[in-house]
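Shown next, in structure tokens, is the structure this report addresses.
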Amino acid sequence: MTSEVIPALRLTDVGVVRDRRPLLADVNWTVAPGERWVMLGPNGAGKSTLLRVAALYLHPTQGTVEVLGRRLGRVDVRRMRHRVGYASAMLSDRIRPTISARDAVMTARHGALEPWWHSYDDGDRQRAADLLVRMGCGHLAEQQFGLLSSGERQRVQIARTLMTDPGLVLLDEPTAALDLAGREELVRTLDALSADPATPPTVLVTHHVEEIPTGFDHVLLLREGRLVAAGAIGEVLTAEHLSECFSMDLELEHHRGRWWAHAAG
Ligand SMILES: Nc1ncnc2c1ncn2[C@@H]1O[C@H](COP(=O)(O)OP(=O)(O)OP(=O)(O)O)[C@@H](O)[C@H]1O
Ligand SMILES: [Mg+2]
């Protein structure tokens, strides 16, 4: 008897319509255990919308969403959401600037923003501190969240996504607003994270192929709310697909596990 592998995420014929405008259409996408996905696409393609659907913050107008074998609409969404670690600029903006970095991580345990909303024990505090160490910012545990640099804040946010021991991690543009060194350091950290078999299946949204950590093995290209292509990086990340996705004639280079794209000619 073969045991069926339960995908971390399965979207079937997903569509999102707002003000009669389709923001997403005909999205079929499966994230299997152990996979690390990059989602690429131009501004306004629908990347954040798709991630919010996967994070169970946005109900699609059409189609079905399954996270770790549970179907949205059939199970308590708050319990399902607990199994997904999600980081985005919108969520980060809602964290009170005077909260400590450790509390910003720890409060994810209950999907909360303030430590006094729930009670936490020493185990929770220790787990949050350990996750900050894992993300290379253990020394910032007592620092106020609002005083952190953009790069430090992104690391704290990624630590926050891991607090509930989720079965799926979704990161919306963690490399935005970082300088070159900050970006490279974060890419290296994401690389190490992706190499750890204990890290849950992960989806990373970015605009730039240069920001794909070497350990990421799958790519989804989105354009005007529709998939251009999705699958193993070696097959899907081609100059042809990228040119179609960004509506520009592009050339693509691959060197030592990293990617570069530039206008053709
Ligand atoms: N709640 C909403 N109501 C109406 N339109 C929306 C809503 N949320 C997003 N949109 C629109 O949907 C489109 C896709 O937005 P989305 O934020 O998903 O794009 P994105 O690919 O993440 O872009 P970026 O790279 O700039 O972050 C945009 O045109 C946006 O204006
Ligand atoms: Mg976005």
Side-chain angles (χ1 to χ4, degrees), residues 9 11-29 31 36-65 67 72-73 77 81 84-95 150-151 153-158 160-161 168-179 182-183 186-187 190 202-213 216 218-231 233 236-237 241-248 250 252 259-263:
L9 174 71
L11 305 185
T12 311
D13 297 328
V14 161
V16 171
V17 177
R18 285 283 179 280
D19 306 324
R20 281 185 271 162
R21 186 180 149 222
L23 307 186
L24 292 174
D26 304 326
V27 175
N28 288 286
W29 178 33
V31 175
R36 282 82 173 90
W37 282 78
V38 172
M39 192 193 295
L40 283 163
N43 290 124
K47 303 181 298 298
S48 296
T49 304
L50 184 49
L51 220 60
R52 288 180 64 222
V53 169
L56 308 167
Y57 279 94
L58 181 67
H59 280 249
T61 323
Q62 289 134 18
T64 57
V65 179
V67 170
L72 178 63
V77 70
R81 222 180 258 159
V84 183
Y86 170 55
S88 71
M90 216 186 282
L91 217 58
S92 166
D93 288 346
R94 293 180 59 209
I95 295 175
S150 303
R153 211 170 299 167
Q154 295 294 0
R155 283 164 192 274
V156 171
Q157 277 213 86
I158 296 170
R160 182 179 159 92
T161 67
L168 175 66
V169 169
L170 308 170
L171 306 174
D172 196 348
E173 288 199 61
T175 38
L178 301 190
D179 66 23
R183 179 192 86 178
L186 193 65
V187 167
L190 289 168
T202 303
V203 182
L204 168 71
V205 173
T206 175
H207 294 113
H208 304 293
V209 296
E210 291 78 1
E211 294 176 353
I212 301 176
F216 278 63
H218 284 71
V219 177
L220 182 152
L221 299 173
L222 197 66
R223 179 191 175 202
E224 295 176 2
R226 291 174 182 274
L227 300 195
V228 172
I233 197 163
V236 169
L237 196 55
H241 283 149
L242 208 61
S243 301
E244 184 184 346
C245 186
F246 286 91
S247 309
M248 184 183 206
L250 294 167
L252 184 65
W259 301 82
W260 286 268
H262 51 83

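Please read all numbers here as calculations on a predicted model, not as lab measurements. Both ligands and their constituent atoms are indexed starting at 1 by order of listing.
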With the threshold set at 4.0 Å, does a side-chain nitrogen-carboxylate oxygen contact exist between R226 and D26?
yes
Do L220 and V38 have side chains that get closer than 4.5 Å, going by heavy atoms?
no
Between S247 and R223, does any side-chain donor sit less than 3.5 Å from a side-chain acceptor?
yes
Flag, side chain of K47 to backbone of G41, donor-acceptor distance under 3.5 Å
yes
Listing by chain and number, which residues have a heavy atom under 4.0 Å from ligand 1?
R18, R21, L23, P42, N43, G44, A45, G46, K47, S48, T49, E173, H207
Given D172 and S48, is the side-chain hydrogen bond (donor to acceptor under 3.5 Å, both in side chains) satisfied, shown in steps?
CA-CA 7 Å; D172 196 348; S48 296; 2.6 Å; yes
CZ of R155 to CG of L190, rounded to nearest 0.5 Å, is 8.0 Å
Looking at the Mg ion (ligand 2), is there an N, O or S atom belonging to S48 that lies under 2.8 Å away from it?
yes
